[in-house]
Amino acid sequence: MHEKFMARAIEIARESIDTPGTLPYGAVVVKDGEIIGEGLNRADGTFDPTSHGEVDAIRDACRRLSVTNLGGADMYTSGEPCSMCVALMYQSGITRLFYAGAASDSAAFFGKLSADDPKWARSMTNQELREQVGKPIDQRTMPAEQLMAEDIVAVFDAFVDRNT
């Protein structure tokens, strides 16, 4: 049964060959033996860097089920997910991950695209991304400064008071 769902993720990825603005990263979310969400990386076509196959499959599943918790669901994806996608899988309750291509396969794929074409340029590799997001905020290469903490804590408290 796993091969059936992985074959669908790869079939979705294959759509990118003839679909401008897409990349060959397809994904499906499966729960109770049924596909509940599908996605294709449309980041370049939609000018949305979060439009990865896994993210769009999770969005699709959540919309279809009118939930934000996909506990008990599995993710099948054509490529080993980046840190953003993994974080979203945890955030949305995905239980298991199945993937076809490894991160090294994706790196080789991007290496074959013209580095001179800004369309294919990436700000950092998936490995660099993993390293950065795993660091404490004050150790990342992106400067960060906390502002107005007391103000937002007051908003949090007001929300809790109103909604509990």
Side-chain angles (χ1 to χ4, degrees), residues 9 12-13 16 19-29 37-63 66-71 73-164:
I12 293 168
S16 71
T19 306
T22 63
L23 287 169
Y25 296 96
V28 296
V29 177
E38 296 186 340
L40 174 64
N41 183 311
R42 297 179 185 280
D44 291 331
T46 59
F47 307 105
D48 177 358
T50 68
S51 181
H52 290 196
E54 299 89 345
V55 172
D56 285 359
I58 289 170
R59 288 175 177 159
D60 186 37
C62 288
R63 279 188 209 111
S66 299
V67 300
T68 56
N69 185 330
L70 296 171
D74 297 330
M75 173 68 71
Y76 292 80
T77 182
S78 62
E80 184 178 341
C82 73
S83 297
M84 174 186 70
C85 294
V86 171
L88 179 57
M89 285 182 234
Y90 277 108
Q91 188 71 26
S92 64
I94 296 291
T95 304
R96 293 185 299 176
L97 167 65
F98 301 92
Y99 64 97
S104 57
D105 298 318
S106 287
F109 162 70
F110 278 107
K112 293 175 184 175
L113 297 172
S114 174
D116 296 332
D117 186 342
K119 176 180 179 178
W120 306 121
R122 298 295 181 250
S123 60
M124 61 177 53
T125 67
N126 280 340
Q127 183 57 39
E128 291 167 332
L129 178 63
R130 281 188 174 94
E131 291 168 5
Q132 285 300 308
V133 298
K135 292 180 180 180
I137 197 166
D138 62 343
Q139 294 177 17
R140 297 179 190 148
T141 58
M142 179 193 302
E145 181 179 346
Q146 186 175 17
L147 302 171
M148 301 177 67
E150 292 176 8
D151 294 313
I152 193 59
V153 170
V155 172
F156 292 158
D157 291 342
F159 185 94
V160 169
D161 289 346
R162 176 72 53 91
N163 292 283
T164 59

Going by the angle between their ring planes, with limits at 30° and 60°, are Phe98 and Tyr76 parallel, tilted or perpendicular? parallel
Locate the shortest heavy-atom distance separating Val55 from Cys85; write the atom from each residue and the value. CG2-SG, 3.9 Å
From Ile12 CD1 over to Thr19 OG1, what is the distance, rounded to the nearest 0.5 angstrom? 11.5 Å
Check whether Asn126 reaches the backbone of Cys82 with its side chain - one donor and one acceptor, N or O, closer than 3.5 Å. no
Identify every side-chain donor-acceptor pair in residues 150-164 under 3.5 Å, counting partners at least two apart or on other chains, and give the distances.
unit_1: Asn163; atom_1: ND2; unit_2: Phe159; atom_2: O; d: 2.9
unit_1: Thr164; atom_1: OG1; unit_2: Val160; atom_2: O; d: 2.5

When rounded to the nearest 0.5 angstrom, what distance separates CG in Asp48 from CG in Asn41? 9.5 Å
For Arg130, look at atom CZ and say whether over 12 heavy atoms of other residues, nucleotides or ligands are found less than 6.0 Å away. yes
Pairwise distance CG(Asp44) to OG1(Thr22) - rounded to 0.5 angstrom: 8.5 Å
Please report the shortest heavy-atom distance between Glu131 and Lys135, naming the atom on each side. O-CG, 3.3 Å
Shortest non-hydrogen contact from Ala43 toward Pro49: CB-CA, 4.2 Å
Nearest 0.5 Å please: distance from the CD atom of Gln91 over to the CG atom of Asn69. 9.5 Å
Side chain proximity check, Glu128 to Thr141, heavy atoms < 4.5 angstrom: no
What pair of heavy atoms forms the shortest contact from Gly39 to Asp56, and how long is it? CA-CB, 3.9 Å
Rounded to the nearest 0.5 Å, what separates atom CE in Met89 from atom CE in Met84? 9.5 Å
To check you understand the geometry: which heavy-atom pair defines the closest contact between Leu23 and Leu40, and what is its length? O-CD1, 3.4 Å
Tell me every residue that passes salt bridge (Lys or Arg N to Asp or Glu O under 4.0 Å) with Arg42, counting only those two or more places apart in sequence or in another chain. none
Identify the two heavy atoms, one from Ala100 and one from Ser78, that lie closest to each other, and give their separation to 0.1 Å. CB-O, 3.4 Å
When rounded to the nearest 0.5 angstrom, what distance separates CD in Gln139 from CD in Gln132? 10.0 Å
Verify the distance criterion only: is there a donor paired with an acceptor across the side chains of Ser106 and Glu80 at less than 3.5 Å? no
